[in-house]
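Proteins come first, then strands; the chains are lettered A, B, ... in the order of their sequence lines, and each starts at number 1.
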There are 2 protein chains.
Amino acid sequence: MASIKDVAASAGVSVATVSRVLNGHPSVSADARERVLAAVAALGYRPNAVARSLRTDQTHTLGLVISDVLNPYFTELARSVEEEARALGYSVIIGNADERPELQDHHVRNLLDRRIDGLLVSPTDGGSPLMLDAARAGTPMVFVDRWIPGVDVPVVRADGRAAVRDLVAHLYGLGHRRLAIIAGPAATTTGSERVEAFRAALAEYGLPLPDARIGQGDFQAESGRRVTEGFLDLPEPPDVVFAADNLMALGALDAVRARGLRVPDDIALAAFDDIPWFVHTDPPVTAIAQPTGELGRAAVRALVDRIEGRTPRSVTLPARLVVRRSCGEPPTPSPVQRSTT
Amino acid sequence: MASIKDVAASAGVSVATVSRVLNGHPSVSADARERVLAAVAALGYRPNAVARSLRTDQTHTLGLVISDVLNPYFTELARSVEEEARALGYSVIIGNADERPELQDHHVRNLLDRRIDGLLVSPTDGGSPLMLDAARAGTPMVFVDRWIPGVDVPVVRADGRAAVRDLVAHLYGLGHRRLAIIAGPAATTTGSERVEAFRAALAEYGLPLPDARIGQGDFQAESGRRVTEGFLDLPEPPDVVFAADNLMALGALDAVRARGLRVPDDIALAAFDDIPWFVHTDPPVTAIAQPTGELGRAAVRALVDRIEGRTPRSVTLPARLVVRRSCGEPPTPSPVQRSTT
DNA sequence: CTGAAAGCGCTTACAG
DNA sequence: CTGAAAGCGCTTACAG
């Protein structure tokens with residue numbers, strides 16, 4: 001592969017001049033510029049980004065560590081992150097932690113070794129020493145979706161409390177009284193916050209949330225299935241299961257179906273995170289929708305602000321309830337927002 | 001961030017010695033090794049992968065250019081690619097082309113500039129000059145899923161012909177005679193091959209495939225919706241719509257639902273590519289399943305073979321029909337494979 | 001076993 | 001406007 005030396009030789013100038021025309025530096029004669037450009041074209045020369053990065057100490061690359069690429073929510077987040085990053089002149093390298101802390105650490109280490117300019121992370125756990133050290137050491141970092149309390153890093157996330165309250169109001173209105181939740185790992189903020197929001201909303205209606213109706217999941221489908229089976233085995237099974245993410249809702253659907261039961265007739269279902277497929281499931285699933293694309297873009301902007309020396313801001317955006325048929329009677333026009341998809 | 005010089009100074013040895021212990025070179029005294037390791041730990045030193053790459057001319061990185069990350073098929077492919085690559089000591093950088101040739105070129109160029117060791121691509125089109133040049137120039141490359149005829153690059157893909165034949169047999173057995181297909185872009189192999197396989201299978205049953213029943217889609221949901229609306233407007237609408245990928249099937253489902261029609265009673269539906277959600281749609285969708293994980297792993301192995309000087313092999317794996325309820329009466333035990341999910 | 005030195009491909013003060 | 005030179009952080013023959 002041709003190097004800058006080859007271009008310089010072919011154009012009859014020094015490598016410094018080649019570098020200058022490539023970087024749009026003003027002080028180059030029109031003549032030199034022309035010869036360099038001709039040589040570049042003739043040789044099909046492309047600058048070596050590795051060498052450039054070593055020299056400039058910038059990679060123009062962002063690392064994104066997410067908990068699970070197979071989760072459509074994170075896939076969409078990753079896509080919006082890449083789009084915004086590209087618009088701002090950055091590439092992104094995605095690390096998929098698969099909800100496994102050690103894999104998360106693997107990716108963080110790999111990304112750091114590659115000297116990415118900044119790190120976007122949706123932590124799978126409470127934060128490994130590696131990640132905390134990186135944050136302390138001043139690696140530009142932004143948390144997105146999930147975050148780690150007590151770490152001085154901007155957070156871009158959705159606040160689902162109002163939407164959870166709307167959901168509980170909807171469920172209560174439908175006559176449901178025994179509500180259950182499939183929670184995510186307590187070590188994640190989204191794992192604990194959603195349970196707390198649910199508990200607080202139930203309290204407003206004087207409804208209990210006994211431990212037996214809090215199932216411990218791990219944000220993966222299989223755990224949704226397992227927890228739902230447990231609920232179904234209860235002497236008094238719940239009227240409704242609220243899954244803290246879309247994959248656990250999928251698992252819950254599997255479990256209900258495996259028993260030959262029907263949603264919502266035998267048991268109602270709602271999910272945190274809305275995805276296109278929820279419109280087409282049997283029945284369509286009532287869900288809490290996050291402004292996913294906006295979160296991804298805001299997170300990139302915050303990170304790039306930090307990288308380029310501006311002051312990054314934390315951002316919290318509201319989630320909203322999308323009523324479909326999985327909790328009972330078809331939605332009727334009401335203050336509660338309906339699906340338009 | 002500490003560099004190798006800092007470690008050398010702190011350990012009282014030369015940078016050469018530090019480099020040797022870091023790379024497991026045998027000729028280092030136990031004493032030196034110990035002092036270096038201690039210094040590394042004390043300083044929290046991590047080798048700069050950028051510098052190492054520049055020097056060794058290897059990045060231990062694979063590029064993966066896929067057509068659409070939001071498509072669960074490609075998401076799963078990307079995941080298996082990353083897993084196998086990691087097992088073999090490589091990282092992967094994903095470029096999402098979004099079915100747009102110019103975006104595909106952007107990513108190929110970016111990846112090449114970063115001097116990735118090899119490129120895995122599922123081309124969105126017939127191949128831009130950039131990609132063809134890279135292949136000709138000897139960039140280690142492997143096509144996965146889709147490929148470009150006439151280019152000397154190994155191909156790892158699924159052969160869906162037998163499964164399409166099984167599908168048509170299934171449809172014919174159910175009494176369907178007017179079959180239609182939503183095709184992908186003719187510029188992609190999967191776009192044209194699936195139509196050809198469908199046409200050939202219909203021919204075996206003496207069924208026609210008039211142009212009016214070949215809708216031109218682009219593998220995205222919106223095109224599936226549009227094409228299906230066209231089919232529904234036909235004087236004689238088809239009995240069955242076969243979508244050449246899962247997203248267009250989603251669009252078709254939308255279109256059918258928007259008309260107040262029902263699947264399979266009013267019109268049957270089948271899709272190429274099986275995804276977990278198809279078990280839960282209303283009705284569950286009959287689909288052709290590719291061995292996605294195996295394809296991703298085989299593609300990585302072929303590419304790494306090529307990179308490391310071994311001879312890569314093309315691989316073709318069979319796809320299989322998974323019968324569900326979207327084409328009519330529930331499946332009964334038969335030679336045709338049933339879903340076990 | 002160990003170190004001095006060259007060199008990977010760039011960029012950028014510095015001098016002219 | 002231009003070039004020679006230093007240097008980014010490594011690795012690796014080469015010599016000892």
Would you classify V50(A) as touching base, sugar-phosphate or nothing, given that sugar-phosphate means primed atoms plus P, OP1 and OP2, and contacts are heavy atoms under 4.0 Å? nothing
Upstream residue (5' side of DNA chain C) when A51(B) and G12(B) are each assigned their closest nucleotide: G12(B)
How would you label the contact of D57(A) with the nucleic acid (heavy atoms, under 4.0 Å): base, sugar-phosphate, or nothing? nothing
Are the charged groups of E294(B) and R301(B) less than 4.0 angstrom apart, N to O? yes
Tell me what S29(A) touches on the nucleic acid: a base, only sugar-phosphate, or nothing, going by heavy atoms under 4.0 Å. sugar-phosphate
What's T17(A) touching, base or sugar-phosphate or nothing? Going by heavy atoms closer than 4.0 Å. sugar-phosphate
Is R115(A) salt-bridged to D57(A), cutoff N-O under 4.0 Å? no
Could you work out the separation of dT12(C) and dG16(C) based on their C1' atoms and round it to a whole Å? 16 Å
Considering only atom P, compute the distance from dC1(D) to dA5(D) and round it to an integer number of Å. 23 Å
Can we say R297(A) and E76(A) salt-bridge, meaning some charged N sits less than 4.0 Å from an Asp/Glu carboxylate O? no
NA contact type, S3(B), heavy-atom cut-off 4.0 Å: base, sugar-phosphate, or nothing? sugar-phosphate
May I ask which nucleotide in the shown strands pairs with dA13(C), Watson-Crick or G-U wobble, both distances under 3.5 Å? none
Electrostatic pair D113(B)-R46(A), nearest N-O below 4.0 angstrom: yes
Does R100(A) pair with E83(B) as a salt bridge, N-O distance under 4.0 Å? no
Below 4.0 Å from chain A heavy atoms, what is the first contacting nucleotide of DNA chain D and what is the last? dC1(D) to dG9(D)
Watson-Crick or G-U wobble partner for dA4(C), using a 3.5 Å limit on both distances? none
